[in-house]
There are 10 protein chains.
Amino acid sequence: MLYLVHMTVSIPDNLPTAEADRIKAEEKAYSQNLQKSGKWPHLWRVVGEYANYSVFDVESNDELHDLLSKLPLFKFMKISVTPLAKHPSSIR
Amino acid sequence: MLYLVHMTVSIPDNLPTAEADRIKAEEKAYSQNLQKSGKWPHLWRVVGEYANYSVFDVESNDELHDLLSKLPLFKFMKISVTPLAKHPSSIR
Amino acid sequence: MLYLVHMTVSIPDNLPTAEADRIKAEEKAYSQNLQKSGKWPHLWRVVGEYANYSVFDVESNDELHDLLSKLPLFKFMKISVTPLAKHPSSIR
Amino acid sequence: MLYLVHMTVSIPDNLPTAEADRIKAEEKAYSQNLQKSGKWPHLWRVVGEYANYSVFDVESNDELHDLLSKLPLFKFMKISVTPLAKHPSSIR
Amino acid sequence: MLYLVHMTVSIPDNLPTAEADRIKAEEKAYSQNLQKSGKWPHLWRVVGEYANYSVFDVESNDELHDLLSKLPLFKFMKISVTPLAKHPSSIR
Amino acid sequence: MLYLVHMTVSIPDNLPTAEADRIKAEEKAYSQNLQKSGKWPHLWRVVGEYANYSVFDVESNDELHDLLSKLPLFKFMKISVTPLAKHPSSIR
Amino acid sequence: MLYLVHMTVSIPDNLPTAEADRIKAEEKAYSQNLQKSGKWPHLWRVVGEYANYSVFDVESNDELHDLLSKLPLFKFMKISVTPLAKHPSSIR
Amino acid sequence: MLYLVHMTVSIPDNLPTAEADRIKAEEKAYSQNLQKSGKWPHLWRVVGEYANYSVFDVESNDELHDLLSKLPLFKFMKISVTPLAKHPSSIR
Amino acid sequence: MLYLVHMTVSIPDNLPTAEADRIKAEEKAYSQNLQKSGKWPHLWRVVGEYANYSVFDVESNDELHDLLSKLPLFKFMKISVTPLAKHPSSIR
Amino acid sequence: MLYLVHMTVSIPDNLPTAEADRIKAEEKAYSQNLQKSGKWPHLWRVVGEYANYSVFDVESNDELHDLLSKLPLFKFMKISVTPLAKHPSSIR
């Protein structure tokens with residue numbers, strides 16, 4: 001079941017650089033694990049912004065919330081979720 | 001080169017049903033040709049709306065505008081385009 | 001799996017009253033069937049508006065889109081969908 | 001009498017973790033007491049957000065404001081309230 | 001129990017003047033009856049707009065929706081409702 | 001001459017509680033004096049928000065600005081003003 | 001007493017040109033009379049739009065609404081009104 | 001003196017195709033004359049939309065309004081204008 | 001050449017009062033000099049807000065930006081600019 | 001391939017002036033190098049704002065994101081990107 005997810009990141013100015021770097025590294029590892037598992041099939045950068053559009057493929061709303069709320073950068077993100085359905089013209 | 005495209009369709013009430021059906025059939029054929037060509041790799045329905053999110057894979061801004069403006073439903077659509085870049089955490 | 005759905009209805013001025021009444025009757029029957037089936041557990045009127053907030057309980061995004069797009073008033077509605085998850089403080 | 005309530009939580013970065021945890025625990029207890037009393041019949045997490053949609057069942061506008069303004073997280077919340085009425089197609 | 005209600009009126013260009021005048025006369029009579037009954041204690045024109053801000057004093061959300069949905073101009077109005085509570089600094 | 005005034009209060013997290021309490025007490029006294037004078041005939045709490053809708057009855061735009069800008073909480077408020085006129089259907 | 005007024009004009013496509021021209025001529029005469037009387041001291045075109053910003057100088061909210069609602073183009077306009085006060089740095 | 005101008009075109013469904021084509025041809029000729037004169041140095045299509053971003057180089061606000069209001073498609077356009085100034089980092 | 005300028009002021013809570021007062025005094029002197037020179041012919045307070053609407057009369061976009069960017073409060077302001085043209089119904 | 005880019009700069013109050021000046025100098029040098037290279041052909045100040053509209057001429061979305069994300073002020077900017085295509089009426 002697919003969802004389009006838009007994430008905007010806003011790291012506070014007063015977060016020490018070392019801590020920010022550590023969280024970003026955790027975020028990258030966490031994201032890549034989910035990508036490898038097939039649950040996060042697409043991750044694209046929005047040009048010019050510290051933001052991404054992603055597609056998640058999960059079993060349920062609860063699973064998606066669980067995955068998103070465990071993002072290491074979650075507390076610094078603004079997230080919006082759009083549920084997707086099969087399009088009648090899609091050849092997939 | 002990837003772009004996220006959001007299309008909302010609003011067919012006027014006074015368009016005869018037969019003409020609407022003809023245009024929708026053309027739209028479907030046009031869309032499926034582009035999907036098969038690889039230029040329109042993703043097409044998803046937005047749940048509850050007469051709208052879709054799509055991903056296009058084209059050579060240039062000009063090619064994207066050319067493809068979109070030839071959509072049979074183009075004059076009944078509101079379209080917005082978001083250019084996408086490779087995300088540093090993407091494994092693809 | 002629960003979704004909050006907001007529907008606003010806007011019937012065109014030029015739709016004949018008899019046809020509007022027929023569609024509204026179909027809408028009511030369709031809605032009550034889904035309510036009885038358990039798939040549409042809550043349906044509330046927004047005070048002062050020709051709009052409702054509803055909760056749907058379905059198996060998937062695809063099922064929700066299928067149910068919504070078959071609403072007899074669908075073409076006269078503006079719909080937005082918010083996926084819901086279990087809240088950690090909920091006692092249910 | 002029912003109201004749909006949307007709450008978004010934004011805890012300041014500089015609030016000490018221990019104090020934040022204490023307030024969240026109070027919030028959970030306060031919420032669960034109201035749920036048990038029947039005044040807060042529904043509490044759902046919005047997927048991907050530190051936010052919820054809730055339904056309250058109270059005697060009056062004054063009672064609702066009293067309950068909401070006593071939420072332990074009230075000063076960190078943005079709340080909007082939509083009064084609900086019985087829908088003519090509802091089978092409840 | 002008080003509610004602030006904002007109503008904007010938009011009468012379609014193609015409504016015959018005689019019918020528009022008849023509906024406006026019904027609206028005026030309906031409004032003045034509710035004002036006399038005490039249920040519609042305040043009715044103010046928004047300067048420069050075909051709109052009003054009103055205060056209603058009713059027993060419940062259901063009663064308010066019932067009164068508003070019976071406005072003769074209801075189908076030509078956009079209405080928004082804000083529930084009001086006693087303010088701790090009010091001397092009333 | 002009447003104006004509808006909407007005030008939203010946002011007290012900074014770092015304002016010492018004692019000072020916040022002192023300003024709120026001044027605000028209450030200031031507001032009640034104006035209410036007693038007849039210049040601030042209505043003051044209502046917006047349900048669920050640290051906000052109010054008020055009606056002011058003053059001689060001029062200048063007088064209204066003078067009264068509002070002297071609110072002890074003025075620097076922590078976002079205020080919007082809607083000038084009101086007599087409604088032709090009002091019985092007052 | 002001064003007010004800034006923003007007016008946007010939208011004349012329906014199906015209004016016969018002759019009637020539109022007649023109303024515009026009435027609008028011009030009405031506006032110029034008010035300008036000569038001193039009640040409409042400023043009238044500026046917004047560059048690129050069928051819109052204007054105006055300043056009115058009237059005795060009361062009621063007078064302003066009366067003047068605006070009698071504009072020959074009133075039913076084709078969207079108007080918003082901002083009450084103005086003397087600025088403490090103004091040398092006028 | 002430079003201005004960024006955004007124009008969105010919305011041609012009514014009921015405009016006969018022949019008339020629409022005639023107006024579009026006039027628009028093209030008018031635009032190309034201004035481009036050749038140097039007053040309209042840039043004209044770009046917004047990808048996916050019946051809209052453009054343009055740069056105008058004119059002597060005054062009045063000249064810009066005069067040029068824009070004479071666009072053959074003016075009555076079918078929504079236009080917004082942003083005045084531009086020399087940027088201190090520009091090498092031009 | 002005229003421009004309508006809207007300025008909203010937001011002075012940070014942590015700016016020392018003495019410094020804020022000094023900047024405001026500079027702002028007042030700067031503004032009054034420009035008013036006397038004829039370049040800032042109108043300056044009005046927006047009722048209830050720490051904001052103003054102003055009219056500037058300058059030779060060019062560049063001159064306007066130069067004047068605005070030198071406002072002592074510039075870094076604490078949000079400014080928007082609307083270019084104005086002569087209105088065909090204006091008697092001035 | 002052209003893109004219109006809008007950048008708004010918001011430098012935090014607590015950034016030391018010396019550091020802000022250093023970053024701004026780097027920004028200027030970085031920008032002028034790109035302008036000289038032909039990749040940033042237009043850079044205009046938005047009148048009255050700490051913002052610019054720019055046109056970039058690059059090979060791909062990825063290249064544009066790379067250039068923008070290396071702006072020395074990037075972390076203090078809000079950027080939005082509009083892809084541009086050749087306009088059929090353009091004489092260029």
Side-chain angles (χ1 to χ4, degrees), chain B residues 2-32 34-36 40-57 68 71-82 84 87 89-90 92, chain C residues 1-20 22-24 27 30-31 34 39-44 46 50-85:
Chain B
L2 302 179
Y3 298 81
L4 182 69
V5 179
H6 181 257
M7 308 181 201
T8 306
V9 186
S10 175
I11 292 178
D13 299 326
N14 59 354
L15 192 73
T17 305
E19 188 177 345
D21 288 347
R22 183 182 54 75
I23 300 175
K24 289 181 197 171
E26 288 176 7
E27 177 84 13
K28 185 169 190 170
Y30 179 84
S31 166
Q32 294 191 335
L34 286 179
Q35 291 177 65
K36 286 169 195 158
W40 191 339
H42 299 289
L43 167 59
W44 301 293
R45 175 63 81 211
V46 178
V47 173
E49 302 184 34
Y50 192 0
N52 71 72
Y53 269 108
S54 290
V55 175
F56 280 78
D57 186 354
L68 293 175
L71 285 164
L73 285 169
F74 180 71
K75 63 185 290 190
F76 305 128
M77 284 177 162
K78 185 162 164 31
I79 294 181
S80 67
V81 172
T82 304
L84 301 173
H87 193 287
S89 298
S90 174
R92 292 209 160 186
Chain C
M1 208 162 60
L2 302 179
Y3 298 82
L4 182 69
V5 179
H6 181 257
M7 308 181 200
T8 305
V9 186
S10 175
I11 293 178
D13 299 326
N14 59 354
L15 192 73
T17 306
E19 188 176 345
R22 183 182 56 74
I23 300 175
K24 288 180 197 171
E27 177 84 12
Y30 178 85
S31 166
L34 285 179
K39 291 188 182 300
W40 191 339
H42 299 290
L43 168 59
W44 300 293
V46 178
Y50 192 0
N52 71 71
Y53 269 109
S54 290
V55 176
F56 281 78
D57 186 355
V58 294
E59 294 301 308
S60 68
N61 290 346
D62 282 323
E63 185 185 5
L64 179 59
H65 184 70
D66 184 62
L67 295 181
L68 292 175
S69 63
K70 288 176 178 162
L71 285 163
L73 285 169
F74 181 72
K75 64 185 290 191
F76 304 129
M77 284 176 163
K78 184 161 165 34
I79 294 181
S80 67
V81 171
T82 305
L84 301 173

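The chains referred to below are lettered A, B, ... by the order of the sequence lines, with proteins before strands, and numbering in each begins at 1. From a predicted model like this one, the values you see are computed outputs, not experimental measurements.
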Contacts of type side-chain hydrogen bond (donor to acceptor under 3.5 Å, both in side chains), residue Tyr3(C), not counting sequence neighbours: Asn61(C)

For Tyr50(B) and Phe74(C), the nearest pair of non-hydrogen atoms, with its separation, is N-CZ, 4.3 Å

Around atom CD of Glu59(C), are there more than 12 heavy atoms from other residues, nucleotides or ligands closer than 6.0 Å? no

Please, which pairs that meet side-chain hydrogen bond (donor to acceptor under 3.5 Å, both in side chains) have at least one residue in residues 64-76 of chain C, sequence neighbours excluded? Asp66(C)-Lys70(C)

Between Val81(C) and Gly48(B), which heavy-atom pair has the shortest distance, and what is it? CG2-CA, 4.4 Å

Side chain, backbone, both or neither: which part of Leu68(C) has a heavy atom under 4.5 Å from chain B? side chain

